[in-house]
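Below is one structure, written out as structure tokens; the observations come after it.
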Amino acid sequence: QVQLTESGGGLVHAGSSLRLSCAGSGRTLSTYALGWFRQAPGKEREFVAAISQRSIYLNVVDSLKGRFTISRDNAKNTVYLQMNSLKPEDTAVYYCNAGATNIADVERMRGAYWGQGTQVTVSE
């Protein structure tokens, strides 16, 4: 069984940066494609970014390209989301996901494992 723990969220001003981390335990994450999703109040959970097992393939949703970057460190069993130039509309709970074997399946929410989420709030 895989446990995922997100960290790094917080309250920031617009234009700031945050780096979210998601640490895995229970088993190695290196065999999975990994992803980040977010859910704003009153909205459905949406895909943000995905990364393949060896970081060869990356995907970031078009609307966030240029501001958000996904990376991973298999030695640390951790996936990251670097968020720059944050906007109030980025306010959401951010979740990491594991279990899928390719980034297309990550985007389709086929990964079985989810973290508890970390709150990101961006003020004007």
Side-chain angles (χ1 to χ4, degrees):
Q1 189 74 356
V2 173
Q3 290 83 43
L4 302 172
T5 304
E6 299 98 336
S7 61
L11 171 63
V12 297
H13 292 294
S16 299
S17 297
L18 281 175
R19 189 176 81 153
L20 306 183
S21 300
C22 174
S25 60
R27 64 171 294 173
T28 180
L29 297 181
S30 63
T31 59
Y32 300 126
L34 304 174
W36 286 95
F37 291 77
R38 67 184 185 183
Q39 187 166 17
K43 295 187 177 181
E44 293 186 353
R45 192 170 299 189
E46 63 176 1
F47 170 75
V48 172
I51 186 167
S52 64
Q53 287 84 335
R54 296 183 181 182
S55 306
I56 295 173
Y57 300 106
L58 309 175
N59 186 30
V60 177
V61 68
D62 287 346
S63 60
L64 299 176
K65 284 180 179 176
R67 295 196 298 123
F68 286 24
T69 304
I70 188 170
S71 62
R72 67 190 293 167
D73 186 336
N74 286 340
K76 295 182 178 179
N77 223 29
T78 300
V79 60
Y80 305 96
L81 184 68
Q82 178 68 42
M83 306 186 295
N84 299 327
S85 302
L86 282 162
K87 304 176 180 180
E89 51 264 42
D90 295 320
T91 295
V93 178
Y94 284 72
Y95 299 91
C96 65
N97 176 263
T101 56
N102 60 77
I103 61 173
D105 278 347
V106 171
E107 188 171 352
R108 298 185 188 111
M109 293 192 182
R110 291 182 179 171
Y113 307 110
W114 294 90
Q116 83 290 348
T118 185
Q119 176 71 48
V120 172
T121 303
V122 184
S123 64
E124 295 281 358

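Computed from a predicted structure; not experimentally measured.
- Within the 4.5 Å cutoff, side-chain heavy atoms of Arg38 are placed close to those of Leu64.
- Contact annotation: the side chain of Tyr95 never approaches that of Leu20 to less than 4.5 Å [non-hydrogen atoms, C-beta and beyond].
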Worksheet entry | Intermediate values then yes/no, salt bridge (Lys or Arg N to Asp or Glu O under 4.0 Å), Asp105 and Arg108 | CA-CA 5 Å; Asp105 278 347; Arg108 298 185 188 111; 2.9 Å; yes
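- In terms of heavy-atom proximity, Lys43 sits nearest to Gln39 at O-NE2, 3.1 Å.
- Between the side chain of Thr118 and the main chain of Ser7, no donor-acceptor pair closer than 3.5 Å is present.
- No side-chain donor-acceptor contact under 3.5 Å links Asn97 to the backbone of Gly35.
- The shortest distance between side-chain heavy atoms of Asn59 and Val106 does not fall below 4.5 Å.
- By the 4.5 Å heavy-atom criterion applied to side chains, Leu18 and Val122 are not counted as neighbours.
- For the atom pair CD1 of Ile51 and CD1 of Ile103, the computed distance is 9.0 Å after rounding to the nearest 0.5 Å.
- Note that the CG atom of Leu34 and the CG atom of Asn74 stand 7.5 Å from one another [nearest 0.5 Å].
- Cluster membership for Tyr80 and Phe47, using ILVMFWY side-chain heavy atoms within less than 4.5 angstrom, is not shared.
- Side-chain atoms of Trp36 and Cys22, non-hydrogen and from C-beta on, do get closer than 4.5 Å to each other.
- For Glu124 (side chain) and Ala14 (main-chain N/O), no donor-acceptor pair under 3.5 Å exists by modelled atom type.
- The nearest pair of heavy atoms linking Leu4 to Ala98 is CD1-N, 3.8 Å.
- When each of Thr78, Asp73, Thr5, Val79 is checked for a side chain to side chain contact (heavy atoms under 4.5 Å, CB included) with Ser21, only Thr78 meets the rule.
- Taken together through direct or relayed side-chain contacts under 4.5 Å among Ile, Leu, Val, Met, Phe, Trp and Tyr, Leu81 and Leu58 form part of one hydrophobic cluster.
- Residues Val12 and Ser16 approach most closely at CB-CB, 3.9 Å, considering heavy atoms.
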Discussion item. Show, in sequence, the C-alpha distance, side-chain angles and deciding distance for Val61 and Glu46, and conclude whether the side chain to side chain contact (heavy atoms under 4.5 Å, CB included) test is met.
Written reply: CA-CA 9 Å; Val61 68; Glu46 63 176 1; over 6 Å; no
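- Closest approach of Asn84 and Ser17 over heavy atoms only: OD1-OG, 3.0 Å.
- No more than 12 heavy atoms of other residues, nucleotides or ligands shown are found within 6.0 angstrom of CD on Glu44.
- Closest approach of Ala33 to Thr101, counting heavy atoms only: CB-C, 4.0 Å.
- Taking each heavy atom of Lys65 and Val60 in turn, the nearest pair found is CE-O, 2.8 Å.
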Item to complete: Walk me through it: do Arg45 and Trp114 pass the test side chain to side chain contact (heavy atoms under 4.5 Å, CB included)?
Response: CA-CA 12 Å; Arg45 192 170 299 189; Trp114 294 90; 3.1 Å; yes
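- Using modelled atom types, one finds a donor on one side chain and an acceptor on the other under 3.5 Å when comparing Gln119 with Thr121.
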Practice prompt. Could you please spell out the steps behind the side chain to side chain contact (heavy atoms under 4.5 Å, CB included) verdict for Arg67 and Asp90?
Written response: CA-CA 11 Å; Arg67 295 196 298 123; Asp90 295 320; 2.8 Å; yes
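- Of the possible polar contacts, none joining the Gln53 side chain to the Ser30 backbone as a donor-acceptor pair under 3.5 Å is found.
- Remark: side-chain polar atoms of Asn77 are paired, donor with acceptor, to backbone N or O of Arg27 under 3.5 angstrom.
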Discussion item. Go through it in stages, so that I can follow the logic: the residues are Tyr32 and Arg72, the test is side-chain hydrogen bond (donor to acceptor under 3.5 Å, both in side chains), and I'd like the CA-CA distance, side-chain angles, deciding distance and then a yes or no.
Written reply: CA-CA 11 Å; Tyr32 300 126; Arg72 67 190 293 167; over 6 Å; no
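- The closest donor-acceptor contact from the side chain of Glu6 to the backbone of Gly117 lies under 3.5 Å.
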